[in-house]
Protein chains: 2
Amino acid sequence: MRDVARLAGVSHQTVSRVLNGLPNVSDSVRERVERAVAQLGYRPNVSARALITKRTMTLGVVSVSTQQYGPAGTLTGISEAARRAGYFVSVTVLDAVDRQSMRSAIDHLLAAAVDGVIVIAPVGSVVEAVAGVARTVPLVMVEARDGEQSVAGIDQVGGARTATRHLLDLGHRTVAHVRGPINWFEADARVSGWLTELMAAHAPVPEVLVGDWSPRSGYEAGRRILERSDVTAVFAANDQMALGLLRAFEEAGRSVPGDISVVGFDDLPESEFFHPPLTTVRQDFAEVGRRCIAEIVARIDGTSPPSAGLIVPEMVVRDSTAAPR
Amino acid sequence: MRDVARLAGVSHQTVSRVLNGLPNVSDSVRERVERAVAQLGYRPNVSARALITKRTMTLGVVSVSTQQYGPAGTLTGISEAARRAGYFVSVTVLDAVDRQSMRSAIDHLLAAAVDGVIVIAPVGSVVEAVAGVARTVPLVMVEARDGEQSVAGIDQVGGARTATRHLLDLGHRTVAHVRGPINWFEADARVSGWLTELMAAHAPVPEVLVGDWSPRSGYEAGRRILERSDVTAVFAANDQMALGLLRAFEEAGRSVPGDISVVGFDDLPESEFFHPPLTTVRQDFAEVGRRCIAEIVARIDGTSPPSAGLIVPEMVVRDSTAAPR
DNA sequence: GCGGCCATTGTTAACGGTCACAACAGGCGC
DNA sequence: GCGCCTGTTGTGACCGTTAACAATGGCCGC
């Protein structure tokens, strides 16, 4: 910076002013400084700046396995929006979804002096691990349920209702459900949407099967569903589990949608090419990420966040659902 | 730090020594300082440290869509290994795979003064965008082909050979190939492995079909393959495209593996539950990530990297392949 | 023509660590 | 017993930037 100042024939403070776009700098000086910056290829030192401003311009992201479609999509949205807002993104992948591992991940980010933390781990068990942090630094939790640090969410309940209603409308007497793991917000919300719609239609409520999002757990749930002869429609809480169902039914010689209809949730890039192409509910994860950034930046700046409602998911009807015969 | 020093009754310099685990500190003093640190909940300021050491302890990662299975897995490995090595990971997702977008992403990371950059974008077109950077800061490129900044790679050629050989061994006269996008290292390497094995077996070499990794491109390639009546075996460069093939064949009433055998590459969590369960080649992406960290940390420290050979992928035989009839 | 105000620019002191070097003590060899 | 060396601790400067405040000059109003 000293070199730039010398080349432009001004003081280092004036250079700083130009760099930060402050007013009270004459146009001629501003231009001279900018030329000097370009000529020397000067880059401000973020550490020195952070040292005095107490802002690292870095956001921490803690995420469950980024191999999952949802978190990965959210991360993409976060990365893009953060960059546009001038922030860096420091990512830590959780090696397990529990308090211990959550604490250690957040601790790591706090050591980096991040200006805010975004948590992509919509699980009840981590909420308490996170609670203490929110007092230290702004914190946003994707899909969080309770008011506190909740934010950016998709209308899970609405999506689940639409999916269930779709099956009911086709004429199915009721709809079975393979839920995601206990304590996961999305899983709980989808159960509740499914339940609401069933009640509204005065349909009998079958026992809920519990999966863990994986195709294998869907497959296992499928095997158990086959033991009940009266099931004609299943709503799975995500597409991977829905795939497991398709596989289980296929193996048992049950036709989808001939004998059983299946609906998923997420709309993976793969889902359109399943056998049969899967009817599902599409979610805009990138938008979730963008909203996280908007929210946390607002909280850091102390401005009011752009209050946006829930993101509405979109039902995609393909070939895995039909009227019962 | 001043507070810690005062509480422990030593100078700030001694505190610094304890924090950095330097020798020449008596046990009693060390213990006193550590107690003071714990008592005050003191955390060193990374910016101040970086300002003088010129090391931010942050690694930059530029990745193509983290929604893809490979990059996501590599990122997980990177995140975990980096944390263990005491580094932070700053991630930027590429919005397009071209020079322009690559330059801007790397520029963003350089502004963060990262100590090194890892590029997960194994595409020829970005190599040149990256070339200049390597002089500024250590840079590691996943799966890179040419010696320069290459590193951590999976034996793509070997994997492709094994896949092709598997089909040949089953008795197929030859094997068709749906490759990944032109200029992608993995795609090129898999073509070359496939070709090598075909030549070794004196099998005729069918025209190569080009996909873009997506299920849809696989589906379209499948439609074209159906126009050639003599194809009995196809090797797809990834599982998503293989899924597209399965779909196309299914629609056309061709049985897999009865009429046509299909092999993929990657082993997605879903692949085991495809219709039929997909024979494929499993890759250990997390290991790729870990090696990236080992390599770049070594390069930063100026020590010699732990020279490890290529990672050997593993063939997983399921139900999508059989002898021709 | 002079005082006061505003816009522009410069000067100095932080921010919180580490580095270089000095100071001090104790043990050893001669 | 003296000097030297080694191991431990303290002192000041410095990293590169922004904050706070001082200084300068031009314009306006009276």
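Keep in mind it's a predicted model, so treat the numbers as computed, not measured. Letters go in sequence order (proteins before strands), and every chain restarts at 1.
- Residue contacts for P23(B): at a heavy-atom cut-off of 4.0 Å it reaches no nucleic acid atom on any strand shown.
- In this model, the phosphate group of dT18(C) is approached by a side-chain N or O of S16(B) to a distance below 4.0 Å at OP1 or OP2.
- Salt-bridge formation is not detected for the pair E295(A)/R291(A): no Lys NZ or Arg NE/NH1/NH2 atom is positioned less than 4.0 Å from an Asp or Glu carboxylate oxygen.
- dA19(D) atom P lies 7 Å from atom CD1 of I52(A), rounded to whole Å.
- Across the protein-nucleic acid pair, Q13(A) atom CD and dA23(D) atom C1' stand 14 Å apart, rounded to whole Å.
- When rounded to the nearest whole Å, the span between CZ of R6(B) and P of dG16(C) equals 13 Å.
- With sequence neighbours excluded, no residue forms a side chain to side chain donor-acceptor pair (under 3.5 Å) with R49(A).
- For S47(B) and dC15(C), the shortest distance from a side-chain N or O to OP1 or OP2 is not below 4.0 Å.
- Of the side-chain N and O atoms in K54(A), none sit less than 4.0 angstrom from OP1 or OP2 of dT18(D).
- In this structure, V46(A) reaches neither bases nor backbone, as no heavy-atom distance under 4.0 Å exists between it and the strands shown.
- Neither OP1 nor OP2 of dT8(D) sits under 4.0 Å from any side-chain N or O of T14(B).
- Between T14(B) and S11(B), the side chains place a donor N or O and an acceptor N or O closer than 3.5 Å (distance only, hydrogens not considered).
- A sub-4.0 Å separation between OP1 or OP2 of dG7(D) and a side-chain N or O of N24(B) is absent.
- A search for ring-ring contact (aromatic ring centres under 6.0 Å, His included) contacts involving H12(B) returns nothing, not counting sequence neighbours.
- Per the geometry, NE2 belonging to H12(B) stands 9 Å off P belonging to dG10(D), to the nearest Å.
- Looking at the side chain of L51(A), the nearest of the listed nucleotides dT11(C), dC19(C), dG16(D) is dG16(D).
- Summarising the geometry, the separation between CE on M57(A) and P on dT18(D) is reported as 12 Å, rounded to the nearest angstrom.
- What separates CZ of R43(B) from P of dG17(C) is a distance of 12 Å, to the nearest Å.
- At a cut-off of 3.5 angstrom, the base of dG10(C) holds at least one donor-acceptor pair with the side chain of R17(A).
- The phosphate of dT17(D) (OP1 or OP2) has no side-chain N or O of T53(A) nearer than 4.0 angstrom.
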